[in-house]
Each structure stands twice: as C-alpha cells, then as structure tokens.
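The structure under discussion appears below in the form of structure tokens.
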Amino acid sequence: VDKRKDYRAKWNKARANASALFDQLTKSDLGSAAGTLANMRKGFETYSVGFDAVAARIDQGELRDPAACNQALGPVKNDIRGLEGGVEELLQLSQTRLDQHTSLTVEHANSAETSLIVTGIIGLLLSVATSWLLTRSVLGPVRRVLGVADSVSAAARQLSATVERGAQGARLQAASVQTTGSSLEE
C-alpha cells in the first residue's frame with residue numbers, strides 16, 4: 001500500500017509538471033508546431049485517464065501483478081509513446097529557430113563591426129582634416145610675421161650697409177680733410 005501511495009504521488013507530481021510545461025509551451029509562439037503540441041497534450045491526457053483507471057483497478061484489487069497492469073495500460077501506451085515524436089518535432093523546430101537567431105546575431109555583429117570600422121575611418125579623416133586646417137590657420141599668421149621679420153631684417157641689413165658706406169665715406173672724407181689740412185699747414 002505504501003509503494004502504491006509513493007508511485008501515485010510521483011505520478012501526480014510528474015503529471016502536474018507536465019501539465020505546467022504544456023501550459024508554458026502553449027503560450028509560446030510555436031507556429032506550425034502548435035498542432036503537434038495539441039496532439040501531445042491530448043495523448044498525455046489520454047494516458048493520464050488510462051493510468052488513473054489502471055490505478056483504480058489496482059486499488060480495487062482487480063489488477064495484482066505487473067504483467068496484468070502493463071496489459072491494462074496497453075491501449076494508452078501508444079499515446080505516451082507518441083509524445084516522443086512530438087518532442088522530436090519541437091526539438092527540431094527549436095533548433096531551426098536557434099540557427100536562425102544565431103545567423104541573425106552573427107549578421108548584426110558583422111554589421112556593427114563594419115559600422116565601427118567605417119566610423120573609425122571617418123573619425124580619422126576628420127581628425128586629419130581638422131589638424132590640417134588648424135595648422136594652416138596657425139601657421140598662416142606665423143608665416144606672415146616671419147615674412148615681415150625677414151623684410152625688417154633685410155631693411156636693417158640694407159640700412160646698416162648704407163650707414164656703413166656712409167661712415168666709410170665720412171672716414172675717407174675725414175682722412176682727405178686731414179691730409180689736405182696737413183698739406184696746408186706745411
């Protein structure tokens with residue numbers, strides 16, 4: 001009697017878990033597999049009813065040995081075995097969807113990588129262009145200042161040369177005046 005209670009408790013727990021799983025799967029977007037799930041649920045419910053009937057017969061003492069119990073479950077065993085085919089179909093559908101999602105994920109990753117590369121190249125080109133413009137805007141006035149400084153330097157050299165020539169001429173004149181003054185003194 002205790003074994004029967006244990007088996008019955010295990011069966012009730014398994015049935016509740018399976019029922020909850022069917023409920024959860026029903027809420028999922030199964031597309032073409034919705035019919036498969038409905039057939040699986042129907043097969044499970046048929047097996048449950050059959051199992052409960054066999055359990056009641058065991059409790060009433062009609063079925064006493066495992067062979068008689070298995071024979072009594074015979075008509076509903078195909079219903080529980082049919083679940084395996086449904087599970088295979090759901091697994092195949094899940095694998096197909098997983099492959100599609102994986103493919104999309106890879107596509108999005110490749111697209112993001114391309115976008116990052118293009119953005120990096122554009123950023124690099126903008127940096128180079130900005131540097132070139134800033135360099136020109138700074139160096140333009142510096143070059144003009146250097147041009148003015150060169151002009152001033154050239155003018156100063158020219159003035160220095162002119163002053164030097166004037167000073168040399170004045171020295172020559174002074175020497176000539178001194179020579180003439182010496183000659184006159186004599």
Side-chain angles (χ1 to χ4, degrees), residues 1-140:
V1 176
D2 287 337
K3 278 187 175 184
R4 281 188 278 173
K5 285 183 181 180
D6 286 344
Y7 287 137
R8 182 76 53 95
K10 286 179 184 178
W11 165 244
N12 287 334
K13 184 176 179 180
R15 182 183 359 208
N17 288 341
S19 183
L21 182 60
F22 279 123
D23 290 343
Q24 186 180 5
L25 287 172
T26 302
K27 294 174 186 174
S28 302
D29 177 25
L30 297 174
S32 64
T36 300
L37 183 63
N39 288 336
M40 289 173 65
R41 177 171 244 167
K42 183 180 176 187
F44 182 74
E45 288 171 357
T46 301
Y47 180 80
S48 293
V49 169
F51 184 88
D52 288 341
V54 169
R57 288 177 65 192
I58 291 170
D59 290 341
Q60 292 171 0
E62 286 181 39
L63 301 172
R64 295 181 185 202
D65 61 76
C69 293
N70 281 333
Q71 187 176 3
L73 280 174
V76 293
K77 277 187 177 179
N78 286 337
D79 291 311
I80 201 72
R81 288 186 185 123
L83 292 177
E84 293 173 4
V87 167
E88 286 296 322
E89 187 177 330
L90 290 176
L91 284 174
Q92 188 175 12
L93 174 69
S94 295
Q95 185 62 48
T96 301
R97 286 187 176 179
L98 180 62
D99 291 345
Q100 289 171 344
H101 288 293
T102 300
S103 176
L104 283 173
T105 301
V106 168
E107 238 177 80
H108 289 286
N110 288 339
S111 177
E113 181 181 17
T114 301
S115 296
L116 283 173
I117 289 171
V118 168
T119 302
I121 289 171
I122 289 171
L124 179 65
L125 291 175
L126 285 174
S127 295
V128 168
T130 302
S131 296
W132 181 73
L133 288 173
L134 285 174
T135 301
R136 284 186 53 120
S137 68
V138 170
L139 287 181

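Only this structure's heavy atoms are used, side chains among them; waters, hydrogens and symmetry mates stay out.
- Other residues, nucleotides and ligands contribute over 12 non-hydrogen atoms within 6.0 Å of the CD atom of Glu62.
- A pairwise comparison of heavy atoms in Val76 and Gly50 identifies CG1-CA, 4.0 Å as the closest pair.
- Proximity of Val87 to Met40: side-chain heavy atoms (C-beta onward) are separated by under 4.5 Å at one or more points.
- With a 4.5 Å cut-off on side-chain heavy atoms, Phe22 and Leu37 count as touching.
- Here the side chain of Thr102 pairs a donor or acceptor atom with the backbone of Leu98 at under 3.5 angstrom.
- With a 4.5 Å cut-off on side-chain heavy atoms, Arg15 and Asp52 count as touching.
- Contact check on Arg41 versus Asp23 returns a salt bridge, with a Lys/Arg side-chain nitrogen under 4.0 Å from an Asp/Glu carboxylate oxygen.
- With salt bridges taken as basic N to acidic carboxylate O contacts below 4.0 Å, none links Lys5 and Asp59.
- Leu91 places none of its side-chain heavy atoms less than 4.5 Å from the side chain of Gln95.
- Distance CG/Leu133 to CG/Leu126: 10.5 Å, rounded to 0.5 Å.
- Note that CG of Asp65 is 9.0 Å distant from CG of Asn70, once rounded to the nearest 0.5 Å.
- Nearest heavy-atom pair across Cys69 and Leu63 is SG-CB, 4.0 Å.
- Side-chain contact between Leu73 and Tyr47 is present, with at least one heavy-atom pair separated by less than 4.5 Å.
- Between the side chain of Ser111 and the backbone N or O of His108, no donor-acceptor pair lies under 3.5 Å.
- In this structure, the separation between CG on Leu93 and OG1 on Thr36 is 8.5 Å, given to the nearest 0.5 Å.
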Practice problem: May I have the step-by-step check of side chain to side chain contact (heavy atoms under 4.5 Å, CB included) for Asn17 and Lys13, ending in yes or no? | Solution: CA-CA 6 Å; Asn17 288 341; Lys13 184 176 179 180; 4.0 Å; yes

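- Rounded to the nearest 0.5 Å, atoms CG (Leu116) and CD1 (Ile121) are 11.0 Å apart.
- The 12-atom threshold is not exceeded at CD of Gln24, counting heavy atoms of other residues, nucleotides or ligands nearer than 6.0 Å.
- We find the CZ-CD1 distance between Arg8 and Ile58 to be 7.5 Å, quoted to the nearest 0.5 Å.
- Between Phe44 and Asp79 there is no side-chain heavy-atom pair separated by less than 4.5 Å.
- More than 12 heavy atoms of other residues, nucleotides or ligands lie within 6.0 Å of NZ in Lys77, so this atom counts as buried by the packing criterion.
- With rounding to the nearest 0.5 Å, the separation of CD1 in Ile117 from CD1 in Ile122 is 12.0 Å.
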